[in-house]
Amino acid sequence: QVQLVESGGGAVQAGDSLRLSCAASGRTFSRYAMGWFRQAPGKEREFVAAISWSESITYYADFVKGRFTISRDNAKNTVYLQMKSLKTEDTAVYYCAATGTNVLRRAENYDYWGQGTQVTVSS
């Protein structure tokens with residue numbers, strides 16, 4: 001019922017900034033909390049950031065605190081992940097996801113997923 005499409009990935013140098021976008025369609029976007037996850041080759045999918053649907057409360061993984069900012073624009077049905085000071089270890093496929101729950105750090109609670117967008121950071 002909800003379709004998510006990520007965009008904005010690419011290849012950048014360490015220290016650069018990049019903004020990812022996730023466009024949603026289908027059910028009312030504002031009903032869902034939104035999260036960003038990432039998965040590097042050979043590693044498990046991990047939580048990056050999330051934003052609630054009620055108060056726009058944000059949550060971040062420790063490894064991105066102070067560098068990444070999640071935001072949402074309900075009028076545009078879009079969630080963003082602004083990334084700055086990118087590191088090589090940020091290289092991964094980034095996925096956006098939607099959940100109707102309040103447990104935002106766990107992937108199993110998300111009902112809808114995008115196809116992912118590749119972010120590659122080189123030194």
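We number each residue from 1, following the sequence as shown.
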Original post:
More than 12 foreign heavy atoms under 6.0 Å from CD of Glu44: is that the case here?
Top reply: no

Subject >> Considering all heavy atoms, the nearest Ala33-Ser52 contact >> reply: CB-CA, 4.0 Å

**OP:** Take atom CD of Gln115 as the centre, draw a 6.0 Å sphere, and report whether it contains more than 12 heavy atoms from other residues, nucleotides or ligands.
**Re:** no

Original post:
Side chains of Ser122 and Gln13: does their closest heavy-atom pair fall under 4.5 Å?
Top reply: yes

Original post:
Given the rule that I, L, V, M, F, W and Y join up when any side-chain heavy atoms are under 4.5 Å apart, are Ile51 and Leu104 in one cluster?
Top reply: no

**OP:** Identify the heavy atoms of Arg67 and Ser85 that sit nearest to each other, and give their distance.
**Re:** NH1-O, 3.0 Å

**OP:** Go through the steps to decide whether Glu46 and Phe63 satisfy the test side-chain contact (heavy atoms from CB on, under 4.5 Å), and finish with yes or no.
**Re:** CA-CA 11 Å; Glu46 63 182 352; Phe63 59 82; 3.7 Å; yes

Original post:
Is it true that atom CG of Asn102 has more than 12 heavy atoms of other residues, nucleotides or ligands lying nearer than 6.0 Å?
Top reply: no

Original post:
Do Val48 and Val93 share a hydrophobic cluster (ILVMFWY, side-chain heavy atoms under 4.5 Å, transitive)?
Top reply: no

Subject >> Residues Asp90, Arg38: salt bridge by 4.0 Å N-O rule >> reply: yes

Original post:
Is Tyr110 linked to Tyr32 within one hydrophobic cluster, defined over Ile, Leu, Val, Met, Phe, Trp and Tyr using a side-chain heavy-atom separation of less than 4.5 Å?
Top reply: no

Original post:
side-chain contact (heavy atoms from CB on, under 4.5 Å) between Leu81 and Thr69: does it pass, once the steps are laid out?
Top reply: CA-CA 6 Å; Leu81 184 67; Thr69 302; over 6 Å; no

Subject >> Expected output: side-chain Thr117 to main-chain Gly9 donor-acceptor under 3.5 Å >> reply: yes

Original post:
OH/Tyr59 to CZ/Phe47 distance, rounded to the nearest 0.5 angstrom?
Top reply: 9.0 Å

Subject >> Heavy-atom closest contact (Gly66 atom, Lys84 atom, distance) >> reply: O-CE, 3.1 Å

Original post:
Checking Arg45 against Trp113: charged group under 6.0 Å from the ring centre and within 45 degrees of the axis?
Top reply: yes

Subject >> Asp73 side, atom CG; Ser21 side, atom OG - distance, nearest 0.5 Å >> reply: 10.5 Å

Original post:
Between the main-chain N or O of Asn109 and the side-chain N or O of Thr99, is there a donor-acceptor pair closer than 3.5 Å?
Top reply: yes

**OP:** Keeping the roles fixed (side chain from Tyr60, backbone from Ile70), state whether a donor-acceptor pair exists under 3.5 Å.
**Re:** yes

Original post:
When clusters are formed by joining ILVMFWY residues with side-chain heavy atoms under 4.5 Å apart, either directly or through shared neighbours, do Val119 and Phe37 land in the same one?
Top reply: no

**OP:** For side-chain contact (heavy atoms from CB on, under 4.5 Å), just list the numbers for Gln118 and Tyr94, CA-CA rounded to whole Å, side-chain angles, deciding distance to a tenth of an Å, and then say yes or no.
**Re:** CA-CA 6 Å; Gln118 176 71 47; Tyr94 284 72; over 6 Å; no

Subject >> Close side-chain approach of Cys22 to Tyr95, heavy-atom, < 4.5 Å >> reply: no

Original post:
What residues form a ring pair (Phe, Tyr, Trp, His ring centres under 6.0 Å) with Tyr80, not counting sequence neighbours?
Top reply: none

Original post:
Okay, side chain of Thr91, backbone of Val121: is any donor-acceptor separation there less than 3.5 Å?
Top reply: yes

**OP:** Check whether any side-chain N or O of Glu6 sits under 3.5 Å from a backbone N or O of Cys96 as a donor-acceptor pair, and report yes or no.
**Re:** yes

**OP:** Examine Leu20 and Phe68 and state if one hydrophobic cluster contains both, with Ile, Leu, Val, Met, Phe, Trp and Tyr joined whenever side-chain heavy atoms are less than 4.5 Å apart.
**Re:** yes

**OP:** Sequence neighbours left out, what pairs pass disulfide bond (SG atoms under 2.5 Å apart) with at least one residue falling in residues 54-88?
**Re:** none

**OP:** Mind checking the CG-NZ spacing from Asp16 to Lys87? Nearest 0.5 Å is all I need.
**Re:** 14.5 Å

Subject >> Any donor-acceptor pair under 3.5 Å from Thr78 side chain to Lys76 backbone >> reply: yes

Original post:
Shortest non-hydrogen contact from Ala92 to Ala40?
Top reply: CB-N, 3.8 Å

**OP:** Taking the side chain as every heavy atom from C-beta outward, state whether Met83 and Ser17 have any pair of such atoms under 4.5 Å apart.
**Re:** no

Subject >> Pair Arg105-Val103, side-chain contact (heavy atoms from CB on, under 4.5 Å): steps then yes or no >> reply: CA-CA 6 Å; Arg105 296 178 181 270; Val103 184; 5.9 Å; no

